[in-house]
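Here the structure is laid out as structure tokens; the discussion comes afterwards.
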Amino acid sequence: MTKNLKRLRIALQKSGRLNDDCIRVLERCGLKIRFSKQSLLCHVENLALDILLVRDDDIPTLVLDGVCDIGIVGENVLQEKTLEQESKGSFEKVDIIQKLGFSRCRLSIALPTEKSFLDPTSLEGLRIATSYPFLLQDYLKRQKVRADIMTISGSVEIAPSLDMADAICDLVSTGRTLEEHNLKEVDQVMMSEAVLIKTPKYLNPDKQSVFDLLVRRIESVLKAEESKYILFHAPLDALSRIQTILPGFETPTILPLQGVSDKVAVHVVSNEKIFWSTLEKLKEMGASSILVLPIEKMLN
Ligand code: PRT
Ligand code: ZN
């Protein structure tokens, strides 16, 4: 694969849980991606960026070695690879540029529901099955517990029922898989979400400027996603009380309402999630015609 030195290269998961959200974020950044059925390298038409589609496990190494300049991967896979590298005496690391807020999960210890667990010392001497042996080893070391790590590459949750292991250390998001296998989550090893990573290798000025632009756009997309534009009518004498419950109310736009002297129209950009309970409180305080709108783009 010849490398165009002017084009930044990003490694993304080819298919799986990360893929859709990665593409969604890049498309929301305005990128026009030309997907190719024949090639794993896709071209972005309106930015000097190429996308290499690979297995998520390969992304940390591709970025560490500079084969790809940046990548998106789960923190769980990244930390596992980092610990594996460190065990081989290699301490060079990729930089985590940004947490992306999707593919959230946790790496947890789970036991059969009937087994008792008081604290991590309850794991002493057990056989624990996992696909994350380095993260598990690190956890056991921190907890000063000795246990047998059984490395298996998939379907970790069936190991206890086959008597291959006494416990597991696996990713959990809703907890349904554990429940279906009569397992209970007893401790968390780490929390994880997708992160944007960057190679420790030098980026030439062409690539650096594409990188800077992309990071700025991703930041703006994430900010817009979590922000909302709120409009409502409010009694003038309730404004100071409303200020205490509405995130982002420090700098509202207040507009007069034609022919009404005791009410105003209020426009606010909130950088936080707006819950139903907040809207209900607003209504109790006399607000009416409340609208909450998504924000498409945001550049401060
Ligand atoms: O083929 P490739 O190697 O690229 O993909 P993969 O099969 O290794 O990974 P994939 O696509 O399954 O997951 C990619 C990343 O998504 C993971 O590395 C995590 O960062 C993140 N992620 C988020 C998850 C989950 N949530 C998740 N729930 N990865 C896996 N799971 C599995 C978990 O292993 C268990 O089997 O889902 C099951 C538990 O889910 P719940 O909802 O029942 O708790
Ligand atoms: Zn994988």
Side-chain angles (χ1 to χ4, degrees), residues 3-4 6-33 35 40-85 92-107 135 171 173 190-227 271 295 297-300:
K3 211 168 172 187
N4 182 332
K6 290 189 174 222
R7 293 180 70 82
L8 194 76
R9 187 181 286 169
I10 184 169
L12 299 184
Q13 189 189 31
K14 183 173 179 287
S15 61
R17 285 187 162 85
L18 291 162
N19 176 273
D20 281 356
D21 281 320
C22 290
I23 300 297
R24 180 185 55 82
V25 168
L26 293 185
E27 288 185 338
R28 287 210 63 195
C29 286
L31 305 193
K32 287 201 163 57
I33 305 168
F35 291 100
L40 294 178
L41 194 67
C42 307
H43 194 80
V44 173
E45 290 174 4
N46 53 353
L47 189 70
L49 178 75
D50 290 324
I51 301 173
L52 186 66
L53 297 170
V54 291
R55 287 199 57 190
D56 67 344
D57 314 70
D58 296 331
I59 294 173
T61 316
L62 287 168
V63 175
L64 185 68
D65 294 346
V67 176
C68 292
D69 307 299
I70 56 176
I72 296 179
V73 69
E75 284 174 295
N76 52 311
V77 170
L78 177 65
Q79 301 306 355
E80 176 72 9
K81 287 282 167 192
T82 305
L83 289 172
E84 185 181 349
Q85 295 282 345
E92 200 178 23
K93 280 191 180 136
V94 300
D95 298 323
I96 296 181
I97 304 300
Q98 199 155 41
K99 293 195 177 222
L100 298 172
F102 59 81
S103 290
R104 286 206 165 104
C105 58
R106 50 204 188 269
L107 183 67
L135 280 167
L171 298 175
S173 54
M190 77 175 286
M191 302 296 287
S192 176
E193 66 186 88
V195 285
L196 177 70
I197 56 172
K198 175 176 178 278
T199 186
K201 312 279 183 221
Y202 167 77
L203 289 189
N204 67 39
D206 286 318
K207 286 185 171 198
Q208 185 67 45
S209 71
V210 178
F211 170 75
D212 292 340
L213 180 142
L214 189 63
V215 170
R216 272 200 308 274
R217 286 203 191 165
I218 291 177
E219 271 170 8
S220 133
V221 164
L222 297 179
K223 217 167 178 190
E225 274 181 2
E226 63 196 32
S227 301
N271 294 324
I295 294 175
K297 290 187 179 66
M298 199 167 171
L299 203 62
N300 287 332

| field | Sole candidate of R9, K207, R7 that passes salt bridge (Lys or Arg N to Asp or Glu O under 4.0 Å) when paired with D50 | value | R7
| task | Kindly indicate, with the supporting measurements, whether the criterion side-chain contact (heavy atoms from CB on, under 4.5 Å) is fulfilled by L222 and Q98. | result | CA-CA 10 Å; L222 297 179; Q98 199 155 41; 4.1 Å; yes
Does [X] reach the main-chain N or O of [Y] with its side chain, forming a donor-acceptor pair under 3.5 Å?
X    : Y    : value
N204 : D206 : yes
S192 : C105 : no
N46  : K32  : yes

Locate the shortest heavy-atom distance separating [X] from [Y]; write the atom from each residue and the value.
X   : Y    : answer
V63 : G71  : CG2-N, 3.8 Å
R17 : D21  : O-OD2, 4.5 Å
T61 : K81  : OG1-CD, 4.2 Å
C68 : T199 : O-CB, 4.0 Å
F35 : C42  : CD2-SG, 4.0 Å
L49 : I10  : CD1-CG2, 4.0 Å

| Residue among L31, V210, L8 satisfying side-chain contact (heavy atoms from CB on, under 4.5 Å) with V44 | L31
| field | From I23, N19, L18, residue fulfilling side-chain contact (heavy atoms from CB on, under 4.5 Å) relative to L12 | value | I23
Any side-chain heavy atom of [X] sitting closer than 4.5 Å to one from [Y]?
X    : Y    : value
I70  : F211 : yes
L100 : I218 : yes
L78  : I96  : yes
P200 : L64  : yes
E193 : E75  : yes
R104 : K99  : no
I59  : I72  : no
P60  : V94  : no

Measuring from atom [atom1] of [X] to atom [atom2] of [Y], what distance do you get when rounded to the nearest 0.5 angstrom?
X    : Y    : atom1 : atom2 : result
Q208 : D69  : CD    : CG    : 10.0 Å
L135 : T82  : CG    : OG1   : 9.0 Å
S15  : D56  : OG    : CG    : 9.5 Å
R106 : M190 : CZ    : CE    : 13.0 Å
E45  : I33  : CD    : CD1   : 10.0 Å
C29  : K297 : SG    : NZ    : 9.5 Å

| request: Report the C-alpha distance between K198 and V215 in whole Å, list the side-chain angles of each, state the deciding distance to 0.1 Å, and finish with yes or no for side-chain contact (heavy atoms from CB on, under 4.5 Å). | output: CA-CA 11 Å; K198 175 176 178 278; V215 170; over 6 Å; no
| Got a sec, which pairs hit salt bridge (Lys or Arg N to Asp or Glu O under 4.0 Å) with one end in residues 209-223, sequence neighbours left out? | none
| query | Have N271 and S227 got a donor and an acceptor in their side chains that come within less than 3.5 Å? | reply |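 Yes.
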| request: Determine, step by step, whether I51 and L26 satisfy the side-chain contact (heavy atoms from CB on, under 4.5 Å) criterion, reporting the C-alpha distance in whole Å, the side-chain angles of both residues, the deciding distance to 0.1 Å, and the verdict. | output: CA-CA 10 Å; I51 301 173; L26 293 185; 4.0 Å; yes
